[in-house]
Amino acid sequence: DGFNSYIEDAGTGNLWFKSNGATIGFGNSDLSELFAVFNKDGASKLYFNNSSKIETTSTGIDVTGVLAVNSGTTDTAATFTSSDTAVAVNFVASDNSMQIATSGTDGIIKNNGAGSLRLFNNGSEAARINSSGLVGIGLTSPSSPLTIKSSATHSGGGLRIIQDSGTNLVASLFGGVNSGTRFGRLELSETSGDAINVRISADPSLSSYINAGNFGIGISSPSHKLTV
């Protein structure tokens, strides 16, 4: 067109580039900046600003820089498939590495470093497993196989087990602060309403009691067979 140059295939077949050499490359006039290089029995490379960003290898493909995947309106952004019985995605940093993998019918999340495996929700850490295998929920320094910390002041905190067919409470273990006084509580319940309830507190209104089958101390309505 008097300014640009074109390579155009005007037929209905394919357009091939053939060479007796080992390489086909694209670059500027003196090849001081490369755009793409294709090597026989070797790597194919795509460049950005004369820096290789995508390169084929004998085992797959290497990407240098940030890989951004945009699936548009499709829910699945990426799928990793292997014909082996296991498949893994590795994350390697200068001082640590971790892996998300499958092994047979198992799913695996593996931290290869000496630190903790941490879970975040809504921008904040919710739980972690430290290097000793201790689990902490709501705190960063668990000291037992399972440590739970809650800021709740009453029964909203702690550990609760709910009946699988509904919302009925089966068991709960929690503690908190009521009017400045700390307390702890263990409760086991069943659908009929029978319960074992142990509460410990220095507050007289939350006096200690055990309540199960008409047995009460500090009372919470059992009617005889010992009511104190």
Establish whether I137 and I129 are linked, either directly or via other cluster members, by ILVMFWY side-chain heavy-atom contacts under 4.5 Å. yes
Determine, using the 4.5 Å side-chain heavy-atom cutoff (strictly less than), whether F91 and F80 are members of one ILVMFWY cluster. yes
For D62, give me all partners under side-chain contact (heavy atoms from CB on, under 4.5 Å), at least two apart in sequence or on another chain. T57
Any chance CG of N20 has more than 12 other-residue heavy atoms, nucleotides or ligands included, within less than 6.0 Å? no
Run V37 and Y47 through side chain to side chain contact (heavy atoms under 4.5 Å, CB included) and show every step you take. CA-CA 8 Å; V37 174; Y47 291 78; 3.9 Å; yes
What distance do S51 atom OG and N49 atom CG have between them, rounded to the nearest 0.5 Å? 7.5 Å
If you apply the rule side chain to side chain contact (heavy atoms under 4.5 Å, CB included), what do you find for E125 with T140, and how did you get there? CA-CA 8 Å; E125 182 174 326; T140 59; 3.9 Å; yes
Test side chain to side chain contact (heavy atoms under 4.5 Å, CB included) applied to T102 and D84, V87, T85, the passing residue: V87
Is it true that a side-chain atom of D9 and a backbone atom of G11 form a donor plus acceptor pair closer than 3.5 Å? yes
Show your reasoning for whether side chain to side chain contact (heavy atoms under 4.5 Å, CB included) applies to V135 and T147. CA-CA 6 Å; V135 179; T147 306; over 6 Å; no
Hydrophobic clustering (ILVMFWY, side-chain heavy atoms < 4.5 Å, transitive) - are I24 and I7 grouped together? yes
Side chains of N122 and S124: any donor to acceptor distance under 3.5 Å? no
Regarding E33 and N28, is there a side-chain donor-to-acceptor distance under 3.5 Å anywhere? no
Once you round to the nearest 0.5 Å, how far does CD of E8 lie from CG of L15? 10.0 Å
Minimum heavy-atom distance between I108 and S103, given as atom pair plus value: CD1-CB, 3.7 Å
Hydrophobic cluster membership, F38 vs F35, 4.5 Å side-chain cutoff: yes
Y6, OH atom: more than 12 neighbouring heavy atoms under 6.0 Å: yes
Could you give the distance from CG (L67) to NZ (K53), rounded to the nearest 0.5 Å? 12.5 Å
When hydrophobic residues are tied together by side-chain contacts of less than 4.5 Å, even through go-betweens, does L117 share a cluster with V89? yes
Verify the distance criterion only: is there a donor paired with an acceptor across the side chains of S71 and D75 at less than 3.5 Å? no
Tell me, please, which residues at least two apart from E55 pass salt bridge (charged side-chain N to carboxylate O under 4.0 Å, His left out). none
What heavy-atom pair brings S44 and T56 nearest, and what distance separates the two atoms? N-OG1, 2.8 Å
Residues S116 and N130: side-chain donor-acceptor under 3.5 angstrom: no
With N90, the side chain to side chain contact (heavy atoms under 4.5 Å, CB included) member among K110, Q99, M98: Q99
What distance do L119 atom CG and I109 atom CD1 have between them, rounded to the nearest 0.5 Å? 7.5 Å
Do N50 side-chain atoms and L34 backbone N/O form a donor-acceptor pair below 3.5 Å? yes
I'd like to know if the side chain of T74 and the backbone of T76 have a donor-acceptor N/O pair within less than 3.5 Å. no
Is it true that N96 and N111 share a donor-acceptor pair across their side chains at a distance under 3.5 Å? yes
